[in-house]
J.: 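Once you've had a glance at the structure underneath, I'll fire off some questions.
Just follow the structure's listing: the first ligand is 1, and inside any ligand the first atom is 1. By convention here, the first residue in the shown sequence is residue 1.
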Amino acid sequence: MATGELNLHHIGVRFGGLVALDDVSLRVAPGKVVGVIGPNGAGKTTLFNVISGFVTPSDGSLTLDGKPWRPRPHRLSGLGIARTLQGVGQFGGMTVLENVMVGVRGRRAEAEAFAALDRCGVAQYAAVRPGTLPYAIRKRVELARALASKPRILMLDEPAGGLDTDEIRWLGDLIRGELIKDSGTTVLLVEHHMDLVMSVCDEILVLDFGKPIALGTPGEISTNERVTEAYLGAPA
Ligand SMILES: Nc1ncnc2c1ncn2[C@@H]1O[C@H](COP(=O)(O)OP(=O)(O)OP(=O)(O)O)[C@@H](O)[C@H]1O
């Protein structure tokens with residue numbers, strides 16, 4: 001059984017003349033929660049897009065479970081990798097349950113999808129179309145969609161965006177709890193909400209203008225001068 005270890009080696013991404021990522025290396029160890037933070041435009045989403053295969057790096061390479069790996073978006077779920085989207089990205093013409101079933105395979109797809117909705121506290125909306133639901137509920141549905149496939153690597157792209165304090169506390173408990181961290185799932189988290197990042201991450205990578213400026217534990221990052229400088233003037 002593969003372990004869920006992801007390595008990025010000296011990744012560089014250019015969009016024309018713009019350097020979106022510059023020499024980014026990161027080891028995401030199995031079962032760890034690794035955060036990627038940085039001011040707006042730092043390259044966080046681009047990093048996720050590289051790992052998802054939507055953006056091909058101009059430099060560097062990736063390994064998955066120690067083997068060279070070239071990500072392809074349509075192969076991610078087969079490899080046990082799931083990603084939530086920054087928005088809620090659900091199909092309006094389908095029910096909540098059908099949306100969650102999209103990411104699950106096999107005869108038990110419906111039961112697994114329903115169980116994921118239940119664990120995320122939104123099973124009562126299974127038969128409803130997502131477009132009619134409040135944003136915070138749709139964010140939970142988006143999480144259920146990612147969790148239903150029981151991924152070994154879970155990429156969370158700004159999961160706290162648009163959530164209130166209680167919702168963010170719920171999210172933190174979910175990430176730290178048996179559904180994700182205690183089950184050994186490897187988590188990569190891009191997030192602006194610093195309290196959440198600091199409370200759930202084992203390690204944090206800080207990007208600024210595409211460059212890695214710090215890598216360390218939440219305690220190390222919160223006292224790092226370069227990180228403080230990068231955030232000066234930008235709400236963290
Ligand atoms: N497809 C693209 N084509 C051209 N430039 C792009 C593209 N995607 C991202 N960029 C640019 O690359 C840089 C990094 O963007 P990215 O979205 O990765 O940053 P981010 O850290 O996720 O920002 P935010 O916190 O605002 O979501 C930005 O300058 C952005 O404008």
Side-chain angles (χ1 to χ4, degrees), residues 6-28 33-62 69-74 76 81-90 135-136 138-139 142-143 146 153-164 167-168 171-172 175 186-201 203-216 218 221-222 224-236:
L6 178 65
N7 274 280
L8 282 72
H9 307 276
H10 307 288
I11 294 292
V13 171
R14 287 185 187 80
F15 295 115
L18 182 117
V19 179
L21 291 176
D22 185 6
D23 199 10
V24 178
S25 294
L26 179 66
R27 173 176 184 250
V28 187
V33 179
V34 176
V36 181
I37 64 170
N40 289 327
K44 305 178 295 293
T45 300
T46 303
L47 193 72
F48 262 26
N49 284 337
V50 166
I51 299 167
S52 309
F54 290 114
V55 166
T56 305
S58 0
D59 298 294
S61 59
L62 293 95
W69 180 49
R70 207 163 160 200
R72 294 274 180 267
H74 60 284
L76 291 179
I81 302 173
R83 174 181 178 171
T84 64
L85 297 171
Q86 242 179 55
V88 281
Q90 287 137 21
Y135 187 77
R138 294 173 70 189
K139 289 285 269 194
E142 176 65 4
L143 262 173
I153 299 179
L154 176 63
M155 300 167 69
L156 299 172
D157 197 353
E158 297 195 19
L163 301 187
D164 65 22
E167 290 283 348
I168 292 171
L171 185 60
I175 294 172
T186 304
V187 178
L188 203 50
L189 170 71
V190 162
E191 184 52 65
H192 281 285
H193 195 282
M194 285 306 146
D195 288 349
L196 179 67
V197 172
M198 292 295 166
S199 67
V200 302
C201 290
E203 197 165 43
I204 300 169
L205 170 70
V206 189
L207 298 176
D208 192 26
F209 293 108
K211 289 188 201 305
I213 58 165
L215 177 67
I221 293 303
S222 61
N224 184 300
E225 277 182 24
R226 284 192 75 190
V227 176
T228 314
E229 272 170 33
Y231 274 104
L232 274 183

J.: Give the atoms of ligand 1, by number and element, whose distance to some non-hydrogen atom of T45 is under 4.0 Å.
T.: 17 (O), 18 (O), 20 (P), 22 (O), 27 (O)

J.: Does the T84 side chain pair with the main chain of E142, one donor and one acceptor, at a distance under 3.5 Å?
T.: no

J.: I want to confirm something. Looking only at heavy atoms, which of R14, E158, E191 is nearest to atom 27 (O) of ligand 1?
T.: E158

J.: Which atoms from ligand 1 have a heavy atom of H192 less than 4.0 Å away?
T.: 25 (O)

J.: Closer than 3.5 angstrom, by distance alone: can the side chain of K44 be matched with the main-chain N or O of L207 as a donor-acceptor pair?
T.: no

J.: For the side chain of D208 and the backbone of K211, is there at least one donor-acceptor N/O pair under 3.5 Å apart?
T.: no

J.: Can you name the atoms of ligand 1, numbered from 1 with element, that are less than 4.0 Å from a heavy atom of T46?
T.: 9 (C), 14 (C), 15 (O), 16 (P), 18 (O)

J.: Hey, is R83 close enough to D157 for a salt bridge, meaning N to O under 4.0 Å?
T.: yes

J.: Does any N or O of ligand 1 fall below 3.5 Å from an N or O anywhere on A42, backbone included?
T.: yes

J.: Could you check V197, L156, V36, I37 and say which one makes a side chain to side chain contact (heavy atoms under 4.5 Å, CB included) with E191?
T.: V197

J.: Show which atoms of ligand 1 fall inside a sub-4.0 Å distance from at least one heavy-atom site of L18.
T.: 11 (C), 12 (O), 13 (C), 29 (O)

J.: Strictly below 4.0 Å, N to O, side chains only: are D59 and R14 in salt-bridge contact?
T.: yes

J.: Less than 3.5 Å between some nitrogen or oxygen of A20 and one of ligand 1, yes or no?
T.: no

J.: If we only consider heavy atoms of G43, is any one of them less than 4.0 Å away from an atom in ligand 1?
T.: yes

